[in-house]
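Numbers for residues simply follow the sequence, beginning at 1.
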Amino acid sequence: MPLSIDDEPALVIHSRPYQEHSLLLELFTLNLGRISAVVRLKSNKNSSNRGLFEPFTLLRLSLFQGRSSLFRVNSAMMQKVAFKIEIPYTFCAIYINELLFRLVKSQESDPKLFAQYIRSLEELEAKHSENLVLRNFESVLLESLGYQIDFKTQDHKMLSEEKSYFFSATQGFIEDLSSTSHSYSGKALLKIMNHEYDSEDSLKILKKIHAAVIKELLGDYELKSRRLYEEYIKY
């Protein structure tokens with residue numbers, strides 16, 4: 001059944017040329033989640049609307065979907081000028097877009113994730129701590145995907161401050177009976193569970209835990225944003 005939606009908040013997470021004078025867009029929207037849509041560009045170069053469909057620009061769209069899964073953008077209005085995110089924060093924003101593109105299923109609405117996405121872009125524009133911005137976004141994303149970190153042991157027992165634990169993306173937290181240097185203290189993990197990020201060490205631990213889960217979800221796919229950042233810091 002044809003679907004027509006007006007005034008839909010959306011941001012472009014990826015775009016590429018499509019046929020003649022058109023773009024194929026991957027959009028993250030408030031009410032439809034991630035969708036694919038085609039938009040026809042104005043042929044007059046002086047009145048081109050191409051600039052509207054740059055990443056990190058908050059739009060209001062009129063959308064139509066026929067029998068295909070592909071939407072058509074009938075009209076677009078800029079709700080907010082593109083977020084001005086400077087290097088190296090740009091790499092964080094690209095990373096967020098890449099996670100949305102690769103992990104979020106098509107047409108699954110999640111207003112909480114949409115709001116966190118906008119909040120993350122605002123914070124990156126304001127040059128907040130990249131580590132904190134990304135960990136907060138990843139937490140909401142993993143919750144949306146059904147992979148929220150469960151701070152309990154394999155047998156569903158609460159973590160203990162006096163013990164140390166390994167983390168496995170497939171098995172969760174496993175008690176470290178030999179107290180090796182590769183495990184995490186229960187005390188630190190319980191603080192993270194309560195969102196008490198009182199040090200960079202807490203965020204580093206959370207980064208490793210999230211990275212393990214995200215790697216499992218991505219499979220063999222290597223994030224391009226990570227490679228771009230590594231190339232940037234070489235110079």
Side-chain angles (χ1 to χ4, degrees), residues 85 88-105 110 112-113 115-117 119-124 126-234:
I85 303 172
Y89 300 90
T90 310
F91 297 109
C92 300
I94 294 171
Y95 167 76
I96 288 173
N97 273 6
E98 196 169 12
L99 289 182
L100 291 171
F101 181 64
R102 290 289 169 182
L103 296 180
V104 175
K105 293 182 180 179
D110 189 333
K112 181 178 178 180
L113 181 60
Q116 186 64 43
Y117 178 36
R119 186 178 301 116
S120 299
L121 296 179
E122 290 172 341
E123 291 173 346
L124 291 173
K127 300 182 180 179
H128 290 193
S129 164
E130 304 108 293
N131 225 345
L132 184 57
V133 173
L134 293 183
R135 300 302 77 82
N136 283 333
F137 177 80
E138 289 167 350
S139 293
V140 177
L141 173 64
L142 292 177
E143 179 185 352
S144 174
L145 298 173
Y147 288 89
Q148 184 176 12
I149 306 301
D150 184 7
F151 287 86
K152 293 180 181 177
T153 62
Q154 283 178 298
D155 50 358
H156 306 292
K157 293 181 180 179
M158 289 299 298
L159 304 183
S160 169
E161 286 191 6
E162 288 75 32
K163 297 178 180 180
S164 296
Y165 302 88
F166 296 107
F167 179 76
S168 164
T170 55
Q171 300 177 65
F173 291 98
I174 305 165
E175 186 178 347
D176 177 12
L177 299 175
S178 57
S179 298
T180 67
S181 59
H182 300 294
S183 58
Y184 310 120
S185 75
K187 184 176 181 179
L189 292 172
L190 288 171
K191 281 190 172 184
I192 292 170
M193 180 185 74
N194 293 320
H195 306 287
E196 297 175 16
Y197 308 131
D198 54 358
S199 69
E200 281 297 313
D201 287 340
S202 296
L203 292 173
K204 286 179 181 177
I205 292 172
L206 187 58
K207 179 179 180 179
K208 290 178 180 178
I209 292 171
H210 282 176
V213 179
I214 290 169
K215 183 177 180 181
E216 184 73 20
L217 293 173
L218 289 171
D220 294 331
Y221 179 78
E222 180 185 356
L223 292 169
K224 295 182 175 63
S225 50
R226 185 173 297 161
R227 189 167 64 249
L228 286 172
Y229 180 70
E230 289 171 351
E231 290 174 358
Y232 166 75
I233 61 177
K234 288 179 183 178

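- Using cut-offs of 30° and 60° on the angle between ring planes, the pair Phe173 and Tyr165 is perpendicular.
- For the pair His210/Ser139, a side-chain contact is recorded, criterion being any heavy-atom separation below 4.5 Å from C-beta on.
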Report task. Begin from the C-alpha positions of Lys187 and Tyr184 and carry the test side chain to side chain donor-acceptor pair (under 3.5 Å) through to its verdict. Result -> CA-CA 8 Å; Lys187 184 176 181 179; Tyr184 310 120; over 6 Å; no
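- With rounding to the nearest 0.5 Å, the separation of CG in Leu124 from CZ in Arg119 is 12.5 Å.
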Query raised in the report: Hey, mind stepping through Lys207 and Leu134 against side chain to side chain contact (heavy atoms under 4.5 Å, CB included) and telling me if it holds?
Result: CA-CA 9 Å; Lys207 179 179 180 179; Leu134 293 183; over 6 Å; no
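- Side chains of Tyr95 and Glu138: a donor-acceptor N/O pair is present below 3.5 angstrom, by distance only.
- When all heavy atoms of Tyr197 and Leu206 are compared, the closest pair comes out as OH-CD2, 3.6 Å.
- The two residues Glu196 and Ser202 come nearest to each other via the heavy atoms O-OG, 4.2 Å.
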Report task. Apply side chain to side chain donor-acceptor pair (under 3.5 Å) to the pair Asn97 and Tyr117, showing each step before the final yes or no. Result -> CA-CA 9 Å; Asn97 273 6; Tyr117 178 36; 2.4 Å; yes
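- Summarising the local packing, OH of Tyr147 is surrounded by 12 or fewer heavy atoms from other residues, nucleotides or ligands at distances under 6.0 Å.
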Query raised in the report: Passes side chain to side chain contact (heavy atoms under 4.5 Å, CB included), Phe167 versus Val213? Steps please.
Result: CA-CA 10 Å; Phe167 179 76; Val213 179; 3.8 Å; yes
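- Atom CZ in Phe166 sits 12.0 Å away from atom CD in Gln171 (nearest 0.5 Å).
- For the atom pair Ile209 CD1 and Lys204 NZ, the distance stands at 14.5 Å (nearest 0.5 Å).
- For the residue pair Ser129/Asn131, the side-chain donor-acceptor check at 3.5 Å is not satisfied.
- For the residue pair Ser164 / Asp176, no side-chain donor-acceptor distance below 3.5 Å is found, with atom types taken as modelled.
- Residue Met158 holds its CE atom at 6.0 Å from CG of Leu190, rounded to the nearest 0.5 Å.
- Counting heavy atoms from C-beta outward, Val133 and Tyr89 have side chains that stay 4.5 Å or more apart.
- With hydrogens and angles ignored, the 3.5 Å screen pairs a side-chain donor or acceptor of Thr90 with a backbone N or O of Ile85.
- Expressed to the nearest 0.5 Å, how far NZ of Lys163 lies from CG of Leu189 amounts to 13.5 Å.
- Here the side chains of Phe137 and Leu100 are in contact, with some heavy-atom distance below 4.5 Å.
- Arg135 and Leu203 make their closest contact through CD-O, 3.8 Å (heavy atoms, listed as atom of the first residue, atom of the second, distance).
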Query raised in the report: Yes or no on side chain to side chain contact (heavy atoms under 4.5 Å, CB included) for Val104 and Leu99, after CA distance, side-chain angles and deciding distance?
Result: CA-CA 8 Å; Val104 175; Leu99 289 182; over 6 Å; no
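- The CD1 atom of Ile94 sits 12.0 Å away from atom NZ of Lys224, with the distance rounded to the nearest 0.5 Å.
- Leu132 has its side chain within reach of Asn136: a pair of non-hydrogen atoms, C-beta onward, lies under 4.5 Å apart.
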Report task. May I have the step-by-step check of side chain to side chain contact (heavy atoms under 4.5 Å, CB included) for Leu141 and Ile96, ending in yes or no? Result -> CA-CA 10 Å; Leu141 173 64; Ile96 288 173; over 6 Å; no
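- Considering all non-hydrogen atoms of both residues, Lys152 and Leu159 come closest at C-CD2, 3.9 Å.
- Side-chain contact between Ser144 and Lys112 is absent, with no heavy atoms from C-beta onward closer than 4.5 Å.
- Of the charged side-chain nitrogens involved, at least one lies within less than 4.0 Å of a carboxylate oxygen, so that Arg227 and Glu222 count as a salt-bridged pair.
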